[in-house]
Asks: 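Just passing along the structure, written as structure tokens.
Numbered from 1 within each chain, the chains take letters A, B, ... in sequence-line order.
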Amino acid sequence: MKQDATRPPAARSRGALVFERAAPLDLAETLDGGQAFRWRGCEDGAYVGVVARQVVRAFLKGGRLTIEGAPLAARPFWRAYFALDLDYGAIRRRLAEDPALRECLGFARGLRVLRQEFFEALVTFILTQNNNVPRVKGIVARLCATFGDPLGGDFEGEPAFAFPSPGRLAALDESDLACLRAGYRVPGILDAARQVVSGRLDETALKTLPVPEARARLLGVRGVGPKVADCVLLYGLGRFDCCPVDVWIRRALARFFPDGLPACSSGIAGIAQQYLFHYARLHGLDGR
DNA sequence: CTCCAGGCATATT
DNA sequence: AATATGCATGGA
């Protein structure tokens, strides 16, 4: 509830990006489903987020997606972020060939798999280890507020901060990160940052290498196991052919689909998995 | 106060 | 190669 009349106006090159034919896309399902941790829903259905050093407001109206606050030059970025280059109608039709997935599709009409930034996905999914989404959001917020660059906008009623760069985090030690209250996940954050800075973890390589090799490299990071590695491949590297291992989900869903879970169409197994995960959460499956 | 969160690292069989 | 246990922290 504070005003800052001295703050410079938003950069003049910023405006509203409008994407026609964004459907099927549901912001709540996509932005608030445990894929990303830097979006907050508003009462009017819009979402405010900090992504790639941009503080933006996203909303849907009549099948059109509007992104306010982004540089006009960032249009390709947002198109990729929301996977607007993919024909989700066709993808859903293909997934619907499997009976189990067909059931799930009905409960997530506008779910999409985001293409997030690599380093942020790597760090945030290290944080998800044995953790819950609200707390991950809190840790990420503290991480950004403490070590990220101020961006000049507002987020959650506070000044907005960028996600910290690998270089910034790599120079820290565990005591510096104690303020995050991230517990035993801290060494993983540091190792991830240092491996990126050293070049041992290279985004371009991870995007072009065969999935098994990219996965093997990610597994070399402290705090990255099979689950986190595949989440990073899927959300942070756009490897939609990669399917996060999720023992819990498979066990829980087995109750609903005794005939077996879908084989996961080749090439888009990760997208299929996302529908399964959403379905499981929606139905409050506890795996009992 | 318990339980547990889309696991992982490590020590045991 | 499987299987068991500890783990920091705080939301519910």
Asks: For A:K137 and C:dA12, what is the distance between atoms NZ and P respectively, to the nearest whole Å?
Replies: 11 Å
Asks: Kindly indicate whether the side chain of A:L151, heavy atoms from C-beta on, has any atom under 4.5 Å from the side chain of A:F161.
Replies: no
Asks: What verdict does the salt bridge (Lys or Arg N to Asp or Glu O under 4.0 Å) test give for A:R92 and A:D87, after you've listed the backbone C-alpha separation in whole Å, the side-chain angles of each residue and the deciding distance to 0.1 Å?
Replies: CA-CA 9 Å; A:R92 289 173 60 88; A:D87 183 350; over 6 Å; no
Asks: Taking atom P of B:dC3 as reference, at what distance in whole Å does atom CG of A:N132 sit?
Replies: 17 Å
Asks: What is the separation between atom CZ on A:R135 and atom C1' on C:dA12, rounded to the nearest whole Å?
Replies: 14 Å
Asks: Taking the side chain as every heavy atom from C-beta outward, state whether A:F19 and A:R79 have any atom pair closer than 4.5 Å.
Replies: yes
Asks: Do the side chains of A:D149 and A:R53 get close enough for a salt bridge, i.e. N-O under 4.0 angstrom?
Replies: yes
Asks: Quickly work out the A:I139 CD1 to C:dG10 C1' distance and round it to whole Å.
Replies: 9 Å
Asks: Is the shortest distance from a Lys or Arg side-chain nitrogen in A:R109 or A:D26 to a carboxylate oxygen in the other one below 4.0 Å?
Replies: no
Asks: Does anything in residues 108-122 of chain A come within less than 4.0 Å of DNA chain C? Heavy atoms only, and list the residues if so.
Replies: none
Asks: Which is it for A:D44 and A:R57 under the salt bridge (Lys or Arg N to Asp or Glu O under 4.0 Å) test, yes or no, and what are the steps along the way?
Replies: CA-CA 11 Å; A:D44 60 0; A:R57 177 181 178 85; 2.4 Å; yes
Asks: Answer with yes or no whether the side chains of A:Q195 and A:R200 bring together a donor and an acceptor at under 3.5 Å.
Replies: yes
Asks: How would you label the contact of A:Q35 with the nucleic acid (heavy atoms, under 4.0 Å): base, sugar-phosphate, or nothing?
Replies: nothing
Asks: Assign a letter to each nucleotide of nucleotides 8-13 of chain B from its 5' end: B, base within under 4.0 Å of a protein heavy atom; S, sugar-phosphate only; -, no contact.
Replies: SSS---
Asks: Taking donor-acceptor contacts at under 3.5 Å, does the side chain of A:N130 reach the base of C:dA8?
Replies: yes
Asks: Can the ring centroids of A:Y235 and A:F125 be said to lie less than 6.0 angstrom from one another?
Replies: yes
Asks: Any Lys/Arg nitrogen of A:R217 or A:E213 sitting under 4.0 Å from an Asp/Glu carboxylate oxygen of the other?
Replies: no
Asks: Regarding A:Y81 and A:Q116, is there a side-chain donor-to-acceptor distance under 3.5 Å anywhere?
Replies: no
Asks: State plainly whether the residues A:K137 and A:D32 are in salt-bridge range, i.e. N to O under 4.0 Å.
Replies: yes
Asks: May I ask you to list the residues of residues 171-186 of chain A, by number, that have any heavy atom positioned under 4.0 Å from an atom of DNA chain C?
Replies: A:R181, A:G183, A:Y184, A:R185
Asks: When the C1' atoms of B:dA9 and C:dG10 are compared, how many Å lie between them, rounded to an integer?
Replies: 22 Å
